[in-house]
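A quick write-up on the structure given underneath.
Just so it is clear, the values below take in all heavy atoms, side chains as well, and ignore hydrogens, waters and symmetry mates. Here the structure is a predicted model, which means the values were calculated and not measured.
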Amino acid sequence: MSYQNIRGTHDILPAEIALWQWLEQTFGALAHAYGYQEIRTPIFEATELFERSSGDTSEVVTKEMYTFLDRKGRSLTLKPEGTAPVIRAYLQHRLGQPNQVTKLWYLTPFFRYERPQKGRFRQPHQFGLELIGAKGPAADAEIIELTCRFYEAVGIKDTVVLLNSIGRSATRAAFRDVLLEHMAGYIETISDEDRAKVTKNPLRLIDTKEPVALELLKSAPQILDYLEDDSRAHFDGVRAALDRAGVKYRLAPEVVRGLDYYTDTVFEVHSEHLGAQGALCGGGRYDGLIQELGGPATPSVGVGIGVERLGIVLEGMGIAREPGRPTAYVVAATPEVWEAVESLVRTLRGQSIGCQWSLDRANLKNQFKEADRLGARFAVVIGTDELAAGKVSLRDLVSGDQSLVDPAELPATFKKE
């Protein structure tokens, strides 16, 4: 029987790992520069965590979660997004105090049962930022700015932020009736289940992919016209901060995000390299989430950045990273020196110098073939004469230069090169 990966998942192969490692190092270094600390949360959580955080009308909860019972009958769910587990950990371990700002970043897989397509998997991966405890518009702008700086750092210069505000309870109450009235004809045509969801949370209508609904939405009222004074002032402050930072954005009333915990600012970052599925990432403010999960009212804002979708853009732009290559390949020129070769390899590796040798003790010709296949920069050759003299022959496999050196000089030579 031939086994294959499950549909909607993918293997990250050695040829791809260098790119992933570079992205993680770049993101982590940038997040650190802004004061964010890394956090790692479990793959699965109590199902109720996501039902309470994401909302029972969201597509994620109703259609996309991988939920199962454990042996004690407890309902558990593979995490469908990164924010709720981080907030659970924040509360459980008391990572923040009143009037204190906490900044966290992560890289995690998450799981959603949806139709696989370009850039969409059932086990994708996500970078995330969560800025907890800051209520001013500068916090929203920092998350957006850091996200855009990350894309710039990895070579994507054409991004644009799609920016919106969905306000708070007063905004949604005022907007609810006018949106439902505008979409009444469409609502009558959908299933009872879907009708109940959009009646409870009309913003689901804006988040639709249905062509008929999308056409009606072109002439729908815009939620920005119904913002409370505080939300409008906050949104104006976010826009002003982005202007000062030189971050490009455009107002996008169609952006509401798919999770119920968002309040005020919501955004997506798009790239033309993804075509119709142009969203690289999305995020926003979620000031009610911590209180919903049992903590005190705490302002928060964050973003989730899809790694696979980022990889598609980088591939389209021809941006790649080659797999790591050994610095040296240690070659046995004669059969009597294999123990000396093994000893030198162990010494060099102990000084964090990447090197290889022939575990199966291949002949001289095949050792050099292997050094070439691995892309080694240097060949360190030991023969009977070199062993007797306490020397090694160092051959630069790029230039072809060769010299007789003391083995103790190798680490400094390699590090210099």
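With 3.5 Å as the limit, one finds a donor-acceptor pair spanning the side chains of Glu386 and Ser393. Side-chain contact check for Thr83 and Glu130: at least one donor-acceptor pair (N or O, by modelled atom type) lies under 3.5 Å. Side chains of Thr159 and Ser271: a donor-acceptor N/O pair is absent below 3.5 angstrom, by distance only. Checking Tyr186 against Glu215 by side-chain atom types alone, no donor-acceptor pair falls below 3.5 Å. No donor-acceptor contact under 3.5 angstrom links the side chains of Ser165 and Ser231, judged on distance only.
When every heavy atom of Ala139 is checked against every heavy atom of Ala134, the shortest pair comes out as CB-CB, 3.7 Å.
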Identify each donor-acceptor pair in which a side-chain atom of residues 233-240 lies under 3.5 Å from a protein atom, sequence neighbours left out, and give them as a table.
residue: His234; atom: NE2; partner: Asp140; partner atom: OD1; Å: 3.2
residue: His234; atom: NE2; partner: Asp140; partner atom: OD2; Å: 3.1
residue: Arg239; atom: NE; partner: Tyr249; partner atom: OH; Å: 3.4

For residues 400-411, tabulate all N or O donor-acceptor pairs below 3.5 Å that involve a side-chain atom, not counting sequence neighbours.
residue: Asp401; atom: OD2; partner: Ser399; partner atom: OG; Å: 3.3
residue: Gln402; atom: OE1; partner: Arg395; partner atom: NE; Å: 2.7
residue: Gln402; atom: OE1; partner: Arg395; partner atom: NH2; Å: 3.1
residue: Asp406; atom: OD1; partner: Ala408; partner atom: N; Å: 2.9

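In terms of modelled atom types and a separation under 3.5 Å, the side chain of Arg112 and the main chain of Pro80 share a donor-acceptor contact. Ser343 places no side-chain N or O within 3.5 Å of a backbone atom of Glu339 that could act as its donor or acceptor partner. Remark: side-chain polar atoms of Glu315 are not paired, donor with acceptor, to backbone N or O of Ile312 under 3.5 angstrom. Panel note: side chain Arg377, backbone Ala328; no donor-acceptor pair is recorded below 3.5 Å. Remark: side-chain polar atoms of Arg349 are paired, donor with acceptor, to backbone N or O of Cys355 under 3.5 angstrom. A donor-acceptor pair under 3.5 Å is absent between the side-chain atoms of Lys79 and the main chain of Pro85, judged by distance alone. Arg232 places a side-chain N or O within 3.5 Å of a backbone atom of Leu224 that can act as its donor or acceptor partner. Without hydrogens or angle criteria, Thr108 side chain to Gly82 main chain gives no donor-acceptor distance under 3.5 Å. The main-chain N or O of Arg176 is never found under 3.5 Å from a side-chain atom of Tyr226 such that the two would form a donor-acceptor pair. Although no hydrogens or angles enter the test, the distance criterion places no donor-acceptor pair under 3.5 Å between the side chain of Arg250 and the main chain of Val160.
Results of the side chain to side chain donor-acceptor pair (under 3.5 Å) test with Glu308 over His10, Gln126, Gln123 single out His10 as the only residue that passes. Residue Phe27 forms a ring-ring contact (aromatic ring centres under 6.0 Å, His included) with just one option from Tyr106, Trp22, Trp105, and that option is Trp105.
Two residues are said to be in side-chain contact when any heavy atoms from C-beta on lie closer than 4.5 Å; Leu310 and Phe150 meet this criterion. Residues Thr265 and Val301 are not in side-chain contact: their nearest non-hydrogen atoms beyond the backbone lie 4.5 Å or more apart. Taking the side chain as every heavy atom from C-beta outward, Glu254 and Leu162 approach each other to under 4.5 Å. Contact of the Val255 side chain with the Phe267 side chain is not registered, since no non-hydrogen atoms from C-beta on lie closer than 4.5 Å. Counting heavy atoms from C-beta outward, Leu280 and Ile305 have side chains that stay 4.5 Å or more apart. Residues Thr298 and Ile87 are not in side-chain contact: their nearest non-hydrogen atoms beyond the backbone lie 4.5 Å or more apart. The side-chain heavy atoms of Leu163 and Ile144, taken from C-beta on, include a pair separated by under 4.5 Å. Under the 4.5 Å side-chain criterion, counting only non-hydrogen atoms from C-beta, Phe111 is not in contact with Thr77.
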> Given Leu23 and Leu314, is the side-chain contact (heavy atoms from CB on, under 4.5 Å) satisfied, shown in steps?
Replying inline: CA-CA 11 Å; Leu23 292 176; Leu314 295 176; 3.8 Å; yes
> Do Trp338 and Trp357 pass the side-chain contact (heavy atoms from CB on, under 4.5 Å) test, and can you show the C-alpha distance, the side-chain angles, and the key distance before you say yes or no?
Replying inline: CA-CA 10 Å; Trp338 280 111; Trp357 66 300; 3.9 Å; yes
> Which is it for Glu81 and Phe50 under the side-chain contact (heavy atoms from CB on, under 4.5 Å) test, yes or no, and what are the steps along the way?
Replying inline: CA-CA 9 Å; Glu81 54 96 13; Phe50 303 111; 4.2 Å; yes
> Taking it one step at a time, do Tyr286 and Glu292 satisfy side chain to side chain donor-acceptor pair (under 3.5 Å)?
Replying inline: CA-CA 10 Å; Tyr286 52 91; Glu292 178 65 28; over 6 Å; no
> Checking side-chain contact (heavy atoms from CB on, under 4.5 Å) for the pair Glu370/Gln367: CA distance, chi angles, key distance, verdict?
Replying inline: CA-CA 5 Å; Glu370 180 70 358; Gln367 288 180 71; 5.8 Å; no
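Salt bridge present: Asp287 and Arg168 bring a charged side-chain N and a carboxylate O closer than 4.0 Å.
The structure places OG of Ser300 at 7.5 Å from CZ of Arg285, a figure rounded to the nearest 0.5 Å. Taking CG of Leu289 as the start and CZ of Arg88 as the end, the distance is 12.5 Å to the nearest 0.5 Å.
Using cut-offs of 30° and 60° on the angle between ring planes, the pair Tyr66 and Tyr113 is perpendicular.
For CD of Glu48, the number of neighbouring non-hydrogen atoms (other residues, nucleotides, ligands) closer than 6.0 Å is 12 at most.
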